[in-house]
Participant: 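Input: one structure, supplied below.
Letters A, B, ... are given to chains in the order of the sequence lines, protein chains preceding strands, and every chain is numbered from 1. Given the structure is predicted, the values throughout are model-derived calculations rather than measurements.
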Amino acid sequence: MGCLLFFIMENIITVLTSRGLVEDITNPNLNDVVNEPITVYAGFDPTADSLQVGNLVTVMALAHFQRCGHKVIALAGGATGMIGDPSGKSDERVLLDQEQIEVNVTGIKENLSRFLDFENETAPALIVNNYDWLQKFSFIDFLRDVGKSFRVGSMLGKESVRARLESDAGMSFTEFSYQLLQAYDFLHLYDAEKCVLQIGGSDQWGNITAGIDLVHKRRGGQTYGLSIPLVLDSSGQKFGKSAGNAVFLTASKTSVYDFYQFFIRTADDKVVELLKIFTFLSLDDIAELEQSLKTAPEQRAAQKKLAEEVTLLVHGENGLRIAKSATDVLFGKSMEGLCAEDLLEVFADVTSTELQSEEVEGATALDLAVAAGLCKSKGQARRLIESGGLYVNNNRVPNLERVIEADDIIDSKLVVLRSGKRNFHLVKV
RNA sequence: GGCGGGGUACUCAAGCGGUCAACGAGGGCAGACUGUAAAUCUGCUGGCUACGCCUUCCAAGGUUCGAAUCCUUGCCCCGCCA
């Protein structure tokens with residue numbers, strides 16, 4: 001049996017390495033260990049009710065594990081989220097209440113369900129919440145059973161702790177204890193699910209090794225850790241922020257259009273790396289796209305493929321369809337042939353204003369822009385029009401006298417205002 | 001507690017009695033160019049019933065025909081000495 005599996009299973013470490021998803025592993029033996037199916041887990045912090053594209057890196061790694069025949073567990077940190085992981089944070093985190101965390105855990109589960117197969121016959125994925133086991137501990141029990149196995153010296157040595165102790169913000173006992181909880185998670189999953197590997201972002205290294213040590217001390221078992229490199233954008237910033245806002249996987253927080261566009265705007269020198277990380281495209285396909293980048297950069301084939309693949313994975317076929325038709329309308333010159341309902345879907349997340357029909361029909365474009373709140377004042381609207389930056393239904397407003405006619409109101413319901421290239425505002429009549 | 005410097009638009013920062021809705025830079029917005037990149041160039045950046053009018057330069061008073069500019073008081077910053 002082992003032999004058979006050996007031949008049909010691709011070595012997951014090789015796969016991940018070839019896609020740039022491995023920063024470091026705790027023990028080189030892991031290369032051989034994964035030739036048999038193992039159980040692997042990664043934790044997700046419920047700081048919001050949706051994962052962000054940054055989390056997607058870890059999710060993709062988990063998905064690769066599952067595709068290679070391993071059993072994967074996604075751990076939602078319902079309990080640890082209440083404590084706050086100090087790793088990579090310069091300030092003490094504001095504690096979330098339990099109610100909020102439950103909401104967040106639910107949202108995260110929803111996100112994960114798109115990537116992991118929970119129905120798989122041989123190795124269905126599992127979602128667990130560490131609140132389920134950590135919540136049962138009394139403080140005394142925890143200190144006796146878990147705390148006893150930790151040395152303060154090595155806890156103090158962790159990067160996440162050291163950085164904070166040296167900063168002005170300092171660190172509370174609560175956050176200091178965080179690594180014990182995450183370490184205990186590993187022990188619990190080792191016992192309950194025979195989980196022998198934890199993966200996570202490189203900032204999780206200290207927490208992962210703490211878990212490995214704990215399993216070794218308490219059970220004498222050998223476990224492993226694998227860290228994934230932090231993805232940065234071309235300006236060296238943490239990946240996944242767009243104009244200061246995080247890009248979320250949940251459509252209500254980041255529209256499918258914005259999500260799609262985030263990937264479309266990937267810089268040339270970054271797109272190959274992202275294709276490897278965020279899609280399941282073969283390396284051959286990616287090499288082809290890389291070639292097209294050199295021969296026909298203006299086609300942006302690689303960016304388009306990246307955006308399509310990721311949007312499809314996260315938002316499904318319908319999400320991708322909406323994102324693409326939104327892109328057509330928002331970048332295309334004409335909106336002809338689209339009815340008000342199509343437009344409402346396309347502009348679902350665009351700010352909109354409801355006005356009475358007598359405020360719209362017969363009004364000048366200038367007045368409408370102000371009434372809708374697109375421009376703060378008439379002066380601003382006037383300047384916008386004079387510089388040719390205001391559009392009604394994707395047609396430039398030629399002069400200050402332009403009046404909104406009945407024809408401009410699509411299906412007697414909608415007028416689409418736009419300032420500049422992509423700043424849209426919907427007027428509902 | 002003593003001495004000195006200062007508070008101007010989103011930010012920095014000129015202005016020191018009229019020519020000030022307030023120089024300049026950054027940022028932001030728009031236009032041209034372009035590959036939804038980067039760079040570059042141009043315009044705009046208090047409000048309005050708009051070649052004019054109104055409200056602004058920490059706050060409140062005062063001097064003056066006229067103040068962001070001078071005086072008084074208050075509030076707040078920042079240096080230096082105790």
Side-chain angles (χ1 to χ4, degrees), chain A residues 53 231-237 239-245 247 254-275 278 288-312 315 319-335 346-347 349-351 359 362-403 416-425:
Chain A
V53 290
V231 182
L232 301 173
D233 63 26
S234 12
S235 54
Q237 298 297 303
F239 181 75
K241 304 277 196 249
S242 169
N245 299 314
V247 177
T254 299
S255 74
V256 293
Y257 168 74
D258 284 332
F259 186 88
Y260 179 85
Q261 285 293 320
F262 173 78
F263 286 97
I264 283 282
R265 295 196 185 109
T266 303
D268 288 8
D269 61 3
K270 208 69 193 169
V271 66
V272 170
E273 179 190 339
L274 299 192
L275 277 165
F278 292 111
E288 245 174 69
L289 289 167
E290 185 171 14
Q291 195 54 40
S292 79
L293 213 52
K294 289 189 185 121
T295 54
E298 73 284 356
Q299 294 294 314
R300 303 165 54 75
Q303 279 90 342
K304 283 178 185 159
K305 190 69 181 168
L306 172 68
E308 277 173 25
E309 289 290 320
V310 185
T311 307
L312 185 62
H315 294 294
L320 177 59
R321 189 182 58 78
I322 294 171
K324 288 180 86 168
S325 62
T327 298
D328 287 345
V329 174
L330 270 48
F331 286 91
K333 304 297 165 268
S334 167
M335 308 201 321
V346 164
F347 291 111
D349 58 312
V350 162
T351 36
E359 290 178 276
T364 60
L366 183 147
D367 287 329
L368 186 62
V370 177
L374 180 66
C375 295
K376 272 185 289 195
S377 68
K378 279 194 162 186
Q380 195 186 56
R382 173 189 299 270
R383 288 189 290 271
L384 189 64
I385 293 171
E386 281 172 348
S387 62
L390 182 69
Y391 301 78
V392 170
N393 297 338
N394 272 358
N395 298 313
R396 178 175 280 174
V397 173
N399 53 51
L400 299 175
E401 286 74 45
R402 171 73 155 86
V403 171
V416 180
L417 292 177
R418 177 178 128 213
S419 106
K421 287 197 171 60
R422 53 175 88 120
N423 188 6
F424 285 83
H425 192 112

Participant: Does any non-hydrogen side-chain atom of A:Val392 lie less than 4.5 Å from one of A:Leu417?
Facilitator: yes

Participant: Base, sugar-phosphate, or nothing for A:Leu384, non-hydrogen atoms under 4.0 angstrom?
Facilitator: sugar-phosphate

Participant: What N/O pairs connect the protein and nucleotides 37-44 of chain B at under 3.5 Å? Give each pair on its own line.
Facilitator:
unit_1: B:C44; atom_1: O2'; unit_2: A:Arg383; atom_2: NE; d: 3.0

Participant: Taking atom C1' of B:U36 as reference, at what distance in whole Å does atom CD of A:Glu298 sit?
Facilitator: 14 Å

Participant: Figure out the CD/C1' separation between A:Gln303 and B:U34, and round it to whole Å.
Facilitator: 15 Å

Participant: Measure CG/A:Asp258 against C1'/B:U36 and give the value in whole Å, please.
Facilitator: 13 Å

Participant: Roughly how many Å apart are B:C20 and B:G27, using the P atom of each and rounding to a whole number?
Facilitator: 27 Å

Participant: Using O4'-C1'-N9-C4 for purines and O4'-C1'-N1-C2 for pyrimidines, with syn meaning within 90° of 0, is B:C51 syn or anti?
Facilitator: syn

Participant: Mind calculating the distance between CG (A:Asn423) and C1' (B:U36) to the nearest angstrom?
Facilitator: 15 Å

Participant: Hey, what do you get for CZ (A:Arg396) to CD1 (A:Ile385), rounding to the nearest 0.5 Å?
Facilitator: 12.0 Å

Participant: In this structure, how many angstroms lie between the P atom of B:U45 and the CZ atom of A:Arg382, rounded?
Facilitator: 12 Å

Participant: Suppose you measure atom C1' in B:A21 against the same atom in B:A68; what distance do you get, rounded to whole Å?
Facilitator: 11 Å

Participant: Sticking with atom P, work out how far B:C71 lies from B:U64, rounded to a whole angstrom.
Facilitator: 15 Å

Participant: Can you tell me how far C1' of B:G35 sits from NZ of A:Lys421, to the nearest Å?
Facilitator: 13 Å

Participant: Using atom C1' in both nucleotides, what's the gap between B:G31 and B:C76 to the nearest angstrom?
Facilitator: 43 Å

Participant: Taking the side chain of A:Ser377 as its heavy atoms from C-beta onward, which of B:C48, B:G35, B:G31 lies nearest to it?
Facilitator: B:C48

Participant: Of A:Arg396 and A:Thr266, whose closest RNA chain B nucleotide lies nearer the 5' terminus?
Facilitator: A:Arg396

Participant: Pick base, sugar-phosphate or nothing for A:Ser419, based on heavy-atom distances below 4.0 Å to the nucleic acid.
Facilitator: sugar-phosphate

Participant: Please report the distance separating the P of B:U42 from the corresponding atom of B:A25, rounded so that it comes out in whole Å.
Facilitator: 11 Å

Participant: Where the side chain of A:Arg418 meets the backbone of A:Gly420, is there a donor-acceptor pair that is under 3.5 Å apart?
Facilitator: yes

Participant: Considering the options A:Lys324, A:Arg321, A:Arg300, which one meets the salt bridge (charged side-chain N to carboxylate O under 4.0 Å, His left out) requirement together with A:Glu308?
Facilitator: A:Lys324

Participant: Which is more 5' along RNA chain B, the nucleotide nearest A:Gly389 or the one nearest A:Lys376? Just name the residue.
Facilitator: A:Gly389

Participant: Hey, is the side chain of A:Tyr257 poking within less than 4.0 Å of OP1 or OP2 on B:U36, counting only N and O atoms?
Facilitator: no

Participant: Contact class for A:Tyr260 (heavy atom, under 4.0 Å): base, sugar-phosphate, or nothing?
Facilitator: nothing

Participant: Taking B:C23 as the reference, what is the distance to B:C57 when you measure between their C1' atoms (whole Å, please)?
Facilitator: 14 Å

Participant: Which nucleotide, in any strand shown, forms a Watson-Crick or G-U wobble pair with B:A50, with both distances under 3.5 Å?
Facilitator: none

Participant: Within this structure, what is the NE2-to-C1' distance between A:His425 and B:C29, rounded to whole angstrom?
Facilitator: 17 Å

Participant: Just how far is it from atom NE2 of A:His315 to atom OG of A:Ser255, taken to the nearest 0.5 Å?
Facilitator: 8.0 Å

Participant: Return the pairing partner of B:C80 with a 3.5 Å limit on both distances, Watson-Crick or G-U wobble; otherwise return none.
Facilitator: B:G2

Participant: Spell out, as yes or no, whether a donor-acceptor pair under 3.5 Å connects the side chain of A:Asp258 to the backbone of A:Gln261.
Facilitator: no

Participant: Is B:G43 paired to anything, Watson-Crick or G-U wobble with both distances less than 3.5 Å, and if yes, which nucleotide?
Facilitator: B:C29

Participant: Considering only the C1' atoms, how many Å lie between B:C48 and B:U55, rounded to the nearest integer?
Facilitator: 10 Å

Participant: In Watson-Crick or G-U wobble terms, both distances under 3.5 Å, what is the partner of B:A67?
Facilitator: none

Participant: Would you indicate what A:Gln261 reaches in the nucleic acid, counting non-hydrogen atoms under 4.0 angstrom: base, sugar-phosphate, or nothing?
Facilitator: base

Participant: Whom does B:A13 pair with, Watson-Crick or G-U wobble, provided both distances fall under 3.5 Å?
Facilitator: none

Participant: Would you mind pulling out the nucleotide paired to B:C20, Watson-Crick or G-U wobble, both distances under 3.5 Å?
Facilitator: none

Participant: State the CG-OG1 distance between A:Leu320 and A:Thr311, to the nearest 0.5 angstrom.
Facilitator: 6.0 Å

Participant: Pick the C1' atom in B:A14 and in B:A9, then give their distance to the nearest Å.
Facilitator: 13 Å

Participant: Using whole Å, report how far CD of A:Glu386 lies from P of B:G31.
Facilitator: 14 Å

Participant: Answer yes or no: is there a side-chain heavy-atom contact under 4.5 Å between A:Ile264 and A:Thr327?
Facilitator: no

Participant: If you restrict it to nitrogen or oxygen atoms, what contacts under 3.5 Å exist between nucleotides 22-27 of chain B and the protein, and what is each distance?
Facilitator:
none

Participant: Could A:Lys270 and A:Glu273 be called an ion pair, given the rule that one side-chain N must be under 4.0 Å from one carboxylate O?
Facilitator: yes

